[in-house]
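Quick notes on the structure that follows.
When a residue number appears, it is its place in the shown sequence, counting from 1.
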Amino acid sequence: MKTLIIGGVAGGASAAARLRRLDESAEIIVLERGDFVSFANCGLPYYIGGKITERENLTLQTPESFKARFNIDVRVKNEALKINADAKTVTVKNLETDAVYEESYDYLILSPGAEPVKPNISGIDSDFVFTLRNIPDTIKIKQYIEKAKPESAVVVGGGYIGVEMAENLKEAGLDVSVVELADHLIAPLDFDMAADVHRYIKNKGINLYLNNGVKAIESCAVILQNGRINADMVIMSVGVRPETVLAKECGIKVNNRGSIIVNRNMKTNIPDIYAVGDAVEVEDFITKKPAFIPLAGPANKQGRIAADNISGLCSEYKGTQGSAVLKLFDMTVATTGINEKIAQTSGIDYDKTYIYAGSHASYYPGAVNMSIKALWDKKTLKILGAQIVGFDGVDKRMDVLATAIRFGAKIIDLAELELCYAPPFGSAKDPVNMLGFVGENIVSGRIKQFFWNDVEKLPRDGSVTLLDVRTATEVQCGKIDGFINIPLDSLREHISEIPKDKPVYVHCHSGLRSYIACCMLQGNGYECFNLAGGWRLYESAINEKTVPEYICTECK
């Protein structure tokens, strides 16, 4: 059996290694037009920023190491020019010698990946404009910084790669600006969760230009739809598109985006041809709709699944849920599943909640809070997605939530999880458990919620009572217009001052004390609504200028 693989990195390299583990006698050839067959895509920004100091650390495997360990014939600088599906051959060009030859196959795996989008704007091909996809791109950017010594950089696009590049360019000593066409960074986040990211990144000295796009690039300047930024270098990071020209030319079906259409076995419409990685259309695990979600983890799994099926094992890819995590200086941002925008466009009847919880026991030094948002289906109660923004402990909570989603957990199931606890690592009531407790209260009807974007719509005509149960010191940090202040610990002695015939809308800093206030009020015959996420989420989302906690120490 002879398998030919076009493209290495995550999908192709994983497929090759899995094929060898399953079949010692198989002939396996990998064609890679670049210089590197297996490298750490996700580590490229950190080499530019100096966190990764040795270029060799970015290379995971070489043709020599593949040959020595797996007996795989890896041919770098060999570009596949044409797939001849009827003859089961591929026309290949050796880029070093210009020799063109035919390579036969019994099975073919396509792993061409995705290429950076380059908008059709003036100046896009200037020598100080870069994209980041592979090691040569990284070296080019690194050398430009070392030789040209730019003082300022503009990153166009506020996705994961754009934000990571902004951080690392800042770490390299540049004055950095990020331009994003949408109203917030990191598209998988909802705006309210991205607001904390905006405030933090600006505090780190990075300039944000949101709701703005690039019209042109001139010498040492980026011309925006609204404004102009001086820049000695520009990083284009506005997204990627599947690189599938080769596939389309041989009759492989693609969708409107250009992604290769495959079944759950990673098979294309042409017999004995498989496709994996960023070039393929996947099924969104939550919505069950076709999607384009280019991530390293899914690409590795898909390569393994293609190899399984070629080797006679029935293996299926069951969808991508988009689990991802981002380091932004000391901050961690993580997502899994879908956000509100996707839930709405998919017609899902969902509910949501927020909590603000510590990374570990508050009495153990170093505890910091994280913001967690979860969505769930109102009918099935299954968790649809989660977003976390914080510092220590974010990644492990998101891994728990991603696992829960994969196995079909309901929001109320989170309350039952028995998670590891010791004061340096967590709390007896872990943030994930707390998310479940809040979900239980909402599902059971024990608590009613209102949200940050409902606040301005609340009547100020006396038909409802607006109540702030924070301390007087906290109120000095800022307040919501129309809310009267009665601190929680004084509420019982002042409860008679609150009219019983009107709904009461309550908030505190994070939503916990206002929940306690609602329990107290409901126990006394009031109808009560709790502001999910509290003052801090409202203020962050509305103004992106919540008073930092290290300044307002009473705002807890």
Side-chain angles (χ1 to χ4, degrees), residues 1-20 23 25-41 44 55-56 58-116 131-140 143 240-252 260 268 270 272-279 299 303 306-307 310:
M1 181 182 72
K2 180 179 179 181
T3 300
L4 190 60
I5 302 173
I6 299 176
V9 197
S14 294
R18 176 66 169 172
L19 278 169
R20 174 58 70 225
D23 188 349
S25 64
E27 183 180 359
I28 306 167
I29 301 173
V30 179
L31 303 174
E32 171 57 55
R33 71 183 176 195
D35 297 332
F36 305 92
V37 65
S38 181
F39 58 90
N41 283 72
L44 300 181
R55 186 190 307 173
E56 293 75 18
L58 297 173
T59 305
L60 304 178
Q61 292 283 355
T62 65
E64 294 75 20
S65 66
F66 259 114
K67 184 66 176 177
R69 177 162 295 181
F70 296 109
N71 191 27
I72 293 172
D73 180 4
V74 175
R75 303 175 189 176
V76 295
K77 297 184 181 179
N78 276 250
E79 181 178 9
L81 301 178
K82 183 180 180 182
I83 298 170
N84 313 295
D86 292 336
K88 298 186 80 169
T89 64
V90 174
T91 304
V92 186
K93 181 178 182 180
N94 185 315
L95 299 180
E96 290 186 306
T97 66
D98 288 333
V100 176
Y101 62 96
E102 299 290 316
E103 192 66 58
S104 64
Y105 65 84
D106 295 311
Y107 296 97
L108 177 64
I109 300 176
L110 303 180
S111 180
E115 60 183 346
T131 58
L132 181 63
R133 182 195 181 195
N134 51 35
I135 291 179
D137 292 342
T138 309
I139 294 171
K140 189 185 299 185
Q143 289 178 341
V240 296
R241 58 184 164 218
E243 195 169 347
T244 54
V245 173
L246 195 65
K248 286 186 283 188
E249 289 178 345
C250 82
I252 292 174
I260 298 171
T268 70
I270 295 182
D272 302 325
I273 299 182
Y274 295 73
V276 301
D278 294 352
I310 288 172

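- With E243 contributing its side chain and G113 its backbone, the two residues share no donor-acceptor pair below 3.5 Å.
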Verdict with reasoning, Y274 to I310, per side chain to side chain contact (heavy atoms under 4.5 Å, CB included): CA-CA 9 Å; Y274 295 73; I310 288 172; 3.5 Å; yes
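- Taking the side chain as every heavy atom from C-beta outward, R69 and E64 never approach each other to under 4.5 Å.
- In this structure a side-chain-to-backbone donor-acceptor pair under 3.5 Å is present from T268 to I273.
- In this structure, the side chain of R133 engages the main chain of A114 through a donor-acceptor pair within 3.5 Å.
- Here the rule is side chain to side chain contact (heavy atoms under 4.5 Å, CB included) with L31, and of E79, R75, K93 only R75 fits it.
- Closest non-hydrogen pair, A247 versus L110, comes out as CB-CD1, 4.0 Å.
- Remark: side-chain polar atoms of S111 are paired, donor with acceptor, to backbone N or O of G12 under 3.5 angstrom.
- Side-chain N or O atoms of K77 include none that pairs as donor or acceptor with a backbone N or O of E96 at under 3.5 Å.
- Between L81 and L246, the closest heavy-atom pair is O-CD1, 3.2 Å.
- A 4.5 Å side-chain heavy-atom check between V100 and V92 finds every atom pair outside the cut-off.
- The number of heavy atoms from other shown groups lying within 6.0 Å of CG (D98) is above 12.
- Interatomic distance, CD1 of I28 versus CG of L19, reported as 5.0 Å (0.5 Å rounding).
- Contact check for C250 versus K82: no side-chain heavy atoms found under the 4.5 Å cut-off.
- Taking the side chain as every heavy atom from C-beta outward, I5 and I29 never approach each other to under 4.5 Å.
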Test side chain to side chain contact (heavy atoms under 4.5 Å, CB included) applied to L4 and I109, step by step: CA-CA 6 Å; L4 190 60; I109 300 176; over 6 Å; no
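- Between N78 and Y101, the side chains place a donor N or O and an acceptor N or O closer than 3.5 Å (distance only, hydrogens not considered).
- With values rounded to the nearest 0.5 angstrom, R241 atom CZ is found 14.0 Å from D278 atom CG.
- Exactly one residue among N71, V30, D73, V74 makes a side chain to side chain contact (heavy atoms under 4.5 Å, CB included) with F66. That residue is V74.
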Derivation of the side chain to side chain contact (heavy atoms under 4.5 Å, CB included) call for K67 and I72: CA-CA 5 Å; K67 184 66 176 177; I72 293 172; over 6 Å; no
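- Checking K88 against N84 by side-chain atom types alone, no donor-acceptor pair falls below 3.5 Å.
- In this structure, CG on D137 lies 6.0 Å from CG on L132, to the nearest 0.5 angstrom.
- Contact record, S14 with A10: OG-O, 2.7 Å, taken as the closest heavy-atom pair.
- When all heavy atoms are compared, the tightest approach of A80 to V90 is CB-CG1, 3.8 Å.
- Residues D272 and L108 fail the side-chain proximity criterion, which asks for heavy atoms closer than 4.5 Å.
- Here OG1 of T138 is found 10.5 Å from NZ of K140. Values are rounded to the nearest 0.5 Å.
- The existence of a salt bridge linking R20 and E27 is excluded, since no basic side-chain nitrogen approaches an acidic carboxylate oxygen closer than 4.0 Å.
- Closest heavy-atom contact between A299 and G277: CB-CA, 3.7 Å.
- Between P116 and V240, the closest heavy-atom pair is CA-CG1, 4.0 Å.
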